[in-house]
A.B. asks: 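For reference, the structure I am asking about is given below.
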Amino acid sequence: MVAITLPDGSVRTFEGSPNGAEIAQAIGAGLAKSALAMTLDGTLCDLSTPITRDAKVAIVTAKSVEALELMRHDAAHVMAQAVQELYPGTQVTIGPAIENGFYYDFARDTPFTLDDLPKIEARMKEIVARDLPIVREEWPRAKAIEHFKKIGEFYKAELIGAIPAGEVVTIYRQGDWLDLCRGPHLPSTGKLGTAFKLMKVAGAYWRGDSKNAMLSRIYGTAWANEKDLAAYLTMLEEAEKRDHRRLGREMDLFHFQEEAPGAAFWHPKGWTVFRTLVDYMRRRQEAAGYVEINTPEVMDRALWVTSGHWDTFRENMFFTQTEDERVFAIKPMNCPGGIQVFKQGIKSYRDLPLRMAEFGKVHRYEPSGALHGLMRVRAFTQDDAHIFCTLDEMEAECRQVVELILDIYKDFGFDSVRIKFSDRPAKRIGDDATWDKLEAALKGALDHMGHPYTLNPGEGAFYGPKLEFVLRDAIGRDWQCGTLQVDMNLTERFDVNYVAPDGAKHRPVMLHRALFGSLERFTGILIEHYAGRLPAWLAPVQAVVATITQEGDDFAREVETALRRAGLRVEADRRNEKIDLKVREHSLKKVPAILVVGKREAENRTVALRRLGGAKQEILALDQAIATLAREALPPDRVGTP
RNA sequence: GCCGGCUUAGCUCAGCAGGUAGAGCACCUGAUUUGUAAUCAGGCGGUCGCGGGUUCAAAUCCUGCAGCCGGCACCA
């Protein structure tokens, strides 16, 4: 006899050891039919799990939050079964549920192609229609290994071998197909429904290690119902429309071409956005007590041998050799250059903290497969800075950096920022006492601000702990942009020092920090975040003056000039075209404001202001329109200033 | 770098049982002077990514390379 406490607090008693299906049945036939799994004292498990002691039980149905992950996991299994029915000899490996769907990695001589997907999907639907009961079995480890080896599933056998001793090996059977799995699962394949779709094929290394064999992965998406599936597919289409590569072309911002893989050609409009960002950051940094420097892009190899980059990252660096056979490296980082500036002359503790910013363009020979529009390039500009300070000053400096980063992100509408703290890795330099101090200072800065952060144990750089700043964009994607790192490697290698009050030379603490990270990438993120509709202060063209007929031309010139004098980036469209066409074209270019000027406006010295995305117009006196637009075009750090 | 796919006019794409290229938009010209997301007509425009091969004949088949796209691995 066990007492089962249900979510509403009621308690029911059962003879023997009931399972979830029986409990659901006892509550009601409807629930029994829609039951997919249960939570047993908060842990998700199969409906068929017998309950041998008093417990809290909640029946999971398609409406439950837990259901989706369960269904996606089942979808992976059903796909694996479909694949093995259609392509005998294919080995199954791992197939988990993931965000929005699932995947399964298969081992196969000929990898799957897109053309295989419709067939597999059709077979999956067949398996769902068969409504095969999904049955959990516990197998002795040796038997399981033997079985999978016998049927040629060597990856599975390896997986079983890796299950810690003492843990139960569970097998899930659906029809005559079975798979090693921890579970839990739906009671039958029919419960999966048909709201799934196979999306793409991809290569993936066994166990995520590039030294291993490459498997053939199939990705799918799965939802509780057709409506959610359709909504997801629509969302993907919308996301595609805000792809910065597409918008970059449509808005004439930049391009890439074969001769310079991973390096952007910035067009006038795109460069305007880029420059506006740099100008903004420069003002913010000056206000925060930074000085700005600039260092050479091409420097002798020797410098990079000293810095350690030659040993560690040589393969990812660009080199150039001159007539005299001297080898230079194109800088992949700004820090060695910055250090050379610091090292000019003798620095006193009175010079510290010294905050040296550099908008440095760096080149890294990234693996070809990693390149992705502006998001991952081989040539990019960092909003870099190196802060040299004493150990005592460090915490305050870190805090100032964190405050600056968060404040700056807010200006772009990124209110949700996560901070990751990475502490000492196993392989590191420096003694533990120093690590203690550096980690404590970083942590202390965060704690004093009360900003939450997550811990990334052992993920710090070998030369020091670091913070990473992850922002979330308008459609919920996370981007890691800013970093703050403590470095006790380069200061040592380059023998950086300052004279302390005691008259002796001491090693300063060196902080590396970047807020946007890569200007190129940040621009790409902003384009996608705003779906191309950049706020007025960033928009490459802030206003277009469009005429209806020639009768508006003279006044349009006057409006254009006045707007330009007010500091706005403005274009005039006096073409002999219909206003519909002009509105359409400038709207597609995401110009935030269109000022229509016709005969009426010219006579009254007004403009008809139309906002991007809006269908309404506002008739304003010219002066009023200028004042309004000029105010709206102020960078966020200038709002409220005269 | 690895796996798969793709590469035809400025853009989006069609053409592929092999017979030396086509549409829409853009662009140019002309007409139209127009009131808030495409006015009409005409015209221009392509070494079919690059190299090699098969063939009487290759955009189409085979092959090498490059770039791009989707993943994986990588990201100082």
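Letters A, B, ... mirror the listed sequences (proteins, then strands); counts begin at 1. Note that the coordinates shown come from a computational prediction; the quantities given were computed from them, not determined experimentally.
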A.B. asks: Please check if the side chain of A:Asp487 supplies one atom and the backbone of A:Met510 the other of a donor-acceptor pair under 3.5 Å.
C.D. replies: no
A.B. asks: Distance check, C1' atoms only: B:G22 and B:G15, in whole angstrom units.
C.D. replies: 7 Å
A.B. asks: Are the aromatic rings of A:Phe414 and A:His529 close, with centres under 6.0 Å apart?
C.D. replies: yes
A.B. asks: Check A:Glu297 with A:Lys361, please: is the shortest side-chain N to carboxylate O separation under 4.0 Å?
C.D. replies: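 So A:Lys361 does not pair with A:Glu297 through a salt bridge.
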A.B. asks: Do A:Arg301 and A:Trp304 form a cation-pi contact, if we require the NZ or CZ to be under 6.0 Å from the six-membered ring centre and within 45 degrees of the ring's axis?
C.D. replies: no
A.B. asks: Find which nucleotide of RNA chain B each of A:Thr549 and A:Leu215 is nearest to by heavy atoms, and output the residue with the more 5' nucleotide.
C.D. replies: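 The 5'-side residue here is A:Leu215.
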A.B. asks: Please state the C1' separation for the pair B:U8 and B:C3 - nearest whole angstrom.
C.D. replies: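 The same atom, C1', in both gives a distance of 26 Å.
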A.B. asks: Can you tell me how far P in B:A59 sits from the matching atom in B:U20, rounded to whole Å?
C.D. replies: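 Comparing P positions in B:A59 and B:U20 gives a spacing of 10 Å.
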A.B. asks: So which pairs with a foot in residues 371-382 of chain A pass side-chain hydrogen bond (donor to acceptor under 3.5 Å, both in side chains), sequence neighbours left out?
C.D. replies: A:Asn334-A:Gln382, A:Glu366-A:Arg376, A:Thr381-A:Glu520
A.B. asks: Is the number of heavy atoms from other residues, nucleotides or ligands within 6.0 Å of OH (A:Tyr365) greater than 12?
C.D. replies: no
A.B. asks: With a cut-off of 3.5 Å and sequence neighbours excluded, list every side-chain donor-acceptor pair involving residues 476-483 of chain A.
C.D. replies:
| from | atom 1 | to | atom 2 | distance (Å) |
| --- | --- | --- | --- | --- |
| A:Arg477 | NE | A:Asp473 | OD2 | 3.0 |
| A:Arg477 | NH1 | A:Glu528 | OE1 | 3.0 |
| A:Arg477 | NH2 | A:Asp473 | OD2 | 2.9 |
| A:Arg477 | NH2 | A:Glu528 | OE1 | 3.0 |
| A:Asp478 | OD1 | A:Arg472 | NE | 2.8 |
| A:Asp478 | OD1 | A:Arg472 | NH2 | 3.2 |
| A:Asp478 | OD2 | A:Arg418 | NH2 | 3.2 |
| A:Asp478 | OD2 | A:Arg472 | NH2 | 3.0 |
| A:Trp479 | NE1 | A:Asp473 | OD2 | 3.1 |
| A:Gln480 | NE2 | A:Glu468 | OE2 | 3.3 |

A.B. asks: For A:Lys156, give me all partners under salt bridge (charged side-chain N to carboxylate O under 4.0 Å, His left out), at least two apart in sequence or on another chain.
C.D. replies: A:Asp179
A.B. asks: If we take the C1' atom in both B:G43 and B:G4, what is their distance in whole Å?
C.D. replies: 43 Å
A.B. asks: Can you give one letter per nucleotide of nucleotides 36-41 of chain B, going 5' to 3': B for a protein heavy atom under 4.0 Å from the base, S for sugar-phosphate only, - for none?
C.D. replies: BBBB--
A.B. asks: If the sugar-phosphate is the primed atoms plus P, OP1 and OP2 and the base is the rest, what is the B/S/- string for nucleotides 5-13 of chain B, using protein heavy atoms under 4.0 Å?
C.D. replies: ------SS-
A.B. asks: With 3.5 Å as the limit, what N/O pairs link the protein to nucleotides 14-17 of chain B?
C.D. replies:
none

A.B. asks: Centres of the A:Tyr104 and A:Phe106 rings: under 6.0 Å?
C.D. replies: yes
A.B. asks: Between B:G52 and B:C11, how far apart are the P atoms? Round to whole Å, please.
C.D. replies: 25 Å
A.B. asks: Kindly compute the distance separating CD (A:Glu250) from CD1 (A:Ile527), expressed to the nearest 0.5 Å.
C.D. replies: 11.0 Å
A.B. asks: Hey, does the side chain of A:Glu121 reach the backbone of A:Lys197 with a donor-acceptor pair shorter than 3.5 angstrom?
C.D. replies: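 Such a contact is absent between A:Glu121 side chain and A:Lys197 backbone.
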A.B. asks: Determine the Euclidean distance between corresponding C1' atoms of B:A31 and B:A17; express it in Å to zero decimal places.
C.D. replies: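 To the nearest whole Å, 48 Å.
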A.B. asks: Scan for side-chain hydrogen bond (donor to acceptor under 3.5 Å, both in side chains) pairs involving residues 589-606 of chain A, sequence neighbours excluded, and state none if there are none.
C.D. replies: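 Output for this query lists A:Glu558-A:Arg605.
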A.B. asks: Can you tell me how far P of B:C3 sits from CG of A:Asp109, to the nearest Å?
C.D. replies: 14 Å
A.B. asks: Set out, line by line, the N/O atom pairs under 3.5 Å between protein and nucleotides 59-63 of chain B.
C.D. replies:
none

A.B. asks: May I ask you to check whether A:Phe254 and A:Phe274 place their ring centres under 6.0 Å from each other?
C.D. replies: no
A.B. asks: For the backbone of A:Tyr103 and the side chain of A:Arg72, can you confirm whether one donor and one acceptor N or O come within less than 3.5 Å of each other?
C.D. replies: no
A.B. asks: Using Watson-Crick pairs (N1 to N3, plus N6-O4 or O6-N4) and G-U wobble pairs, both distances under 3.5 Å, which stems of at least 3 pairs involve RNA chain B?
C.D. replies: B:1-7 with B:66-72, B:10-13 with B:22-25, B:27-31 with B:39-43, B:49-53 with B:61-65
A.B. asks: Which residues satisfy the salt bridge (charged side-chain N to carboxylate O under 4.0 Å, His left out) test with A:Arg217, sequence neighbours excluded?
C.D. replies: A:Asp105
A.B. asks: I'd like the C1' distance from B:A37 over to B:A41, given in whole Å.
C.D. replies: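 That atom pair is separated by 23 Å.
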A.B. asks: Just how far, in rounded Å, is P of B:G35 from CG of A:Asn604?
C.D. replies: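 Distance check: A:Asn604 CG to B:G35 P gives 18 Å.
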A.B. asks: B:G70 and B:U63: how far apart are their P atoms, nearest whole angstrom?
C.D. replies: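 These two P atoms come out 26 Å apart once rounded.
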A.B. asks: Using a 4.0 Å heavy-atom cut-off, write out nucleotides 65-76 of chain B from 5' to 3' as B (base contacted by protein), S (sugar-phosphate only) or - (no contact).
C.D. replies: -SSSSBBBBBBB
A.B. asks: The criterion is salt bridge (charged side-chain N to carboxylate O under 4.0 Å, His left out); which residues satisfy it with A:Glu492, sequence neighbours excluded?
C.D. replies: A:Arg507
A.B. asks: Rounding to a whole Å, what distance do you find between A:Asp116:CG and B:C3:P?
C.D. replies: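 For the pair A:Asp116 CG and B:C3 P, the rounded distance is 17 Å.
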A.B. asks: Centre of A:Phe462's six-membered ring, under 6.0 Å away, within 45 degrees of the axis: is that where NZ or CZ of A:Lys427 sits?
C.D. replies: no
A.B. asks: Do A:Leu253 and A:Leu247 have side chains that get closer than 4.5 Å, going by heavy atoms?
C.D. replies: no
A.B. asks: Looking at A:Arg108, is its backbone amide N or carbonyl O close enough to the side chain of A:Thr90 to form a donor-acceptor pair, meaning the two atoms are under 3.5 Å apart?
C.D. replies: no
A.B. asks: Have a look at A:Lys211 and say if it touches a base, only the backbone sugar-phosphate, or nothing, with a 4.0 Å heavy-atom cut-off.
C.D. replies: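 Touches nothing.
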